[in-house]
Amino acid sequence: MTRRFKIISSLSALICLYSYGAALTSTHSCNSEICNVFSISKTQMSVMFMFLYLGFFFASVLMGSVGDKKGKLPIICLGTVVIIVGSLILPWTKNLLLGMVAMACIGLGGGACETCVTGYIGDTWKGKRRNTMMNFNQTAFGFGAFSGPVISGFFMRYLGGYRGAFLTVASVALCGAIVVALCLLRNQEKPSALTEDKVQRTPWIMLLRDKWILGILLCLMLYMGVESGFSEWVSVYYEDVFGMDGDVATQSVGIFWLGLTLGSLVFGILSKRLEREKMVIASVVAVIVCWIVWYVKIIPVAYVGSFWVGFFLGPVFGTILGMGTEKFPRHSGAVTSILFGGGYIGGAFFPALIGINADRFGVVYGICIVPILVMALLFIFSTLIRTEKEK
């Protein structure tokens, strides 16, 4: 694989990942508007998000191992096409069943895309550059996740709906899929499970019994509960607590993802100089402090707190994921699928729990699940690292 091919293929894969991030948070930021269009409650909206995250889970579990054996670039291309299908269906229907299908398509495509993009970046880049690129991987996703609410807010303010936002996301995804398809024609990717022209079988039982992988998986479940729970319900919180209009509340999701994007970028650059375990622990502690600031019911303070919650979350996902995938390089796709799959179970369950509690007790109390998850993440990650060092 030539260096030029590495760079072009990695950038094209990151464009696809960007499009998934934009599609995902467009659904988050349009939470209230989707509820209104489909005439559903917050609990029913949580079920729609569960379809998205369960779609991600199944695609991630199925496609990680396939990517190891057949190559990750074809799966990235296929996943991006499925994202496009979901992004085209959702804004053109008011039928709840079709809406769930559209959300599932975004999740299925995202699961295939994000799992294999992450695995491909890990396979392609080695040494300290690998950790940096894994954080840049999160930066690409985060930048897409920041763009989604901005694009959605623009279309809701000036065109009165979110249809154009999803069409814009689908257009970017199409560009990424085309470039990846062109890279496929060069045929320079060697599947990671291919050795001496033989494909290694995926040792699923061994991987699923590995205590290190299980510990990392649990951390990612909690992380996804924090990231998705905050992102999905922050706009509803701003509408209910501060009485903001829908398009203004939508931008609050963008502020969170802007912070997360910059955090992953900054810490990705600094990761060559910082001990990654200490970096994660310090970041998680900072998230708890910033969430307390965000919870103060003063609009400017809440906006600032939202940014810094995202900023310190930025390096957590990519760093923890990189720690989990480096142990079995020949099965990076399978390990990534296990970690992503488990992580997105947390992304499906915990935000849904927030929605259920928001219907019962109000979103102000429902969203308090987020700091509980952060503290649990801090405890489990610290325990995992301490146990590993004692061996």
Side-chain angles (χ1 to χ4, degrees), residues 118-119 121-122 126-135 137-138 203-230 260 263-264 266-293 308-332 334-347 349-350 368-391:
T118 304
I121 295 297
K126 307 299 179 183
K128 289 187 175 181
R129 188 174 292 276
R130 182 179 186 275
N131 192 45
T132 300
M133 288 299 295
M134 291 293 281
N135 274 291
N137 183 71
Q138 179 70 352
W204 288 108
I205 295 177
M206 183 266 288
L207 295 176
L208 290 169
R209 286 180 176 176
D210 188 89
K211 293 181 179 179
W212 174 254
I213 291 179
L214 291 176
I216 295 293
L217 185 150
L218 184 55
C219 289
L220 291 179
M221 285 182 67
L222 294 168
Y223 172 87
M224 288 304 303
V226 173
E227 180 191 276
S228 300
F230 194 85
L260 195 147
S264 59
V266 170
F267 283 101
I269 295 171
L270 296 176
S271 61
K272 294 180 180 179
R273 301 180 181 180
L274 299 175
E275 185 178 338
R276 58 187 181 180
E277 292 85 357
K278 292 181 179 179
M279 181 176 72
V280 170
I281 291 172
S283 296
V284 174
V285 171
V287 169
I288 296 172
V289 175
C290 294
W291 189 90
I292 294 172
V293 173
W308 288 108
V309 167
F311 184 87
F312 288 109
L313 270 180
V316 176
F317 182 83
T319 304
I320 293 179
L321 181 65
M323 292 169 67
T325 58
E326 67 186 4
K327 189 173 182 179
F328 300 97
R330 292 199 180 279
H331 303 287
S332 59
V335 174
T336 303
S337 70
I338 292 170
L339 297 179
F340 268 132
Y344 270 76
I345 289 176
F349 174 75
F350 291 117
C368 287
I369 292 172
V370 170
I372 296 173
L373 297 177
V374 177
M375 289 185 283
L377 171 60
L378 176 63
F379 174 77
I380 292 172
F381 183 78
S382 302
T383 303
L384 182 65
I385 296 303
R386 185 171 62 253
T387 304
E388 187 69 15
K389 288 182 177 180
E390 290 173 355
K391 288 183 178 180

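Bear in mind that the values here come from a model prediction, so they are computed numbers and not experimental data.
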Show the numbers, then the answer: is there a side chain to side chain contact (heavy atoms under 4.5 Å, CB included) between Leu222 and Phe381? CA-CA 10 Å; Leu222 294 168; Phe381 183 78; over 6 Å; no
Say whether, by atom type as modelled, one donor and one acceptor occur between the side chain of Trp291 and the main chain of Cys368 under 3.5 angstrom. no
Checking side chain to side chain contact (heavy atoms under 4.5 Å, CB included) for the pair Glu227/Leu260: CA distance, chi angles, key distance, verdict? CA-CA 10 Å; Glu227 180 191 276; Leu260 195 147; 3.9 Å; yes
Before giving the answer on side chain to side chain contact (heavy atoms under 4.5 Å, CB included), spell out for Leu321 and Thr118 the whole-Å C-alpha distance, their side-chain angles and the decisive distance to 0.1 Å. CA-CA 9 Å; Leu321 181 65; Thr118 304; 3.2 Å; yes
The reported gap from CG in Leu377 to CD1 in Ile281 (rounded to nearest 0.5 angstrom) is 10.0 Å
Quick one: pull up CD1 in Ile372 and CD1 in Ile288 and give me the separation to the nearest 0.5 Å. 11.5 Å
Test item: Leu313 and Tyr223 side chains (from C-beta on) under 4.5 Å apart, heavy atoms: yes
Restricting to non-hydrogen atoms, name the atom on Phe267 and the atom on Met279 that form the minimum distance, rounded to 0.1 Å. CD2-SD, 3.6 Å
Not counting sequence neighbours, which residues clear side-chain contact (heavy atoms from CB on, under 4.5 Å) with Met206? List them please. Pro203, Phe328
If we check side-chain contact (heavy atoms from CB on, under 4.5 Å) with Ile216, which of these qualifies: Ile380, Leu339, Ile338? Leu339
Inter-residue atom distance Leu373.CG - Leu378.CG, 0.5 Å rounding: 12.5 Å
With sequence neighbours excluded, what pairs up with Phe312 under the ring pair (Phe, Tyr, Trp, His ring centres under 6.0 Å) test? Trp308
Taking atom NZ of Lys211 and atom CD of Glu388, what is their separation to the nearest 0.5 Å? 11.0 Å
Which atom pair, heavy atoms only, marks the closest approach of Trp212 to Met323? NE1-O, 3.1 Å
Looking only at heavy atoms, what is the nearest atom pair of Gly215 and Leu384, with distance? C-CD2, 3.8 Å
Quick check: closest heavy atoms across Met224 and Phe317, and the distance to 0.1 Å? SD-CE1, 4.1 Å
Correct closest heavy-atom pair for Gly324 and Ile213 would be O-CG1, 4.5 Å
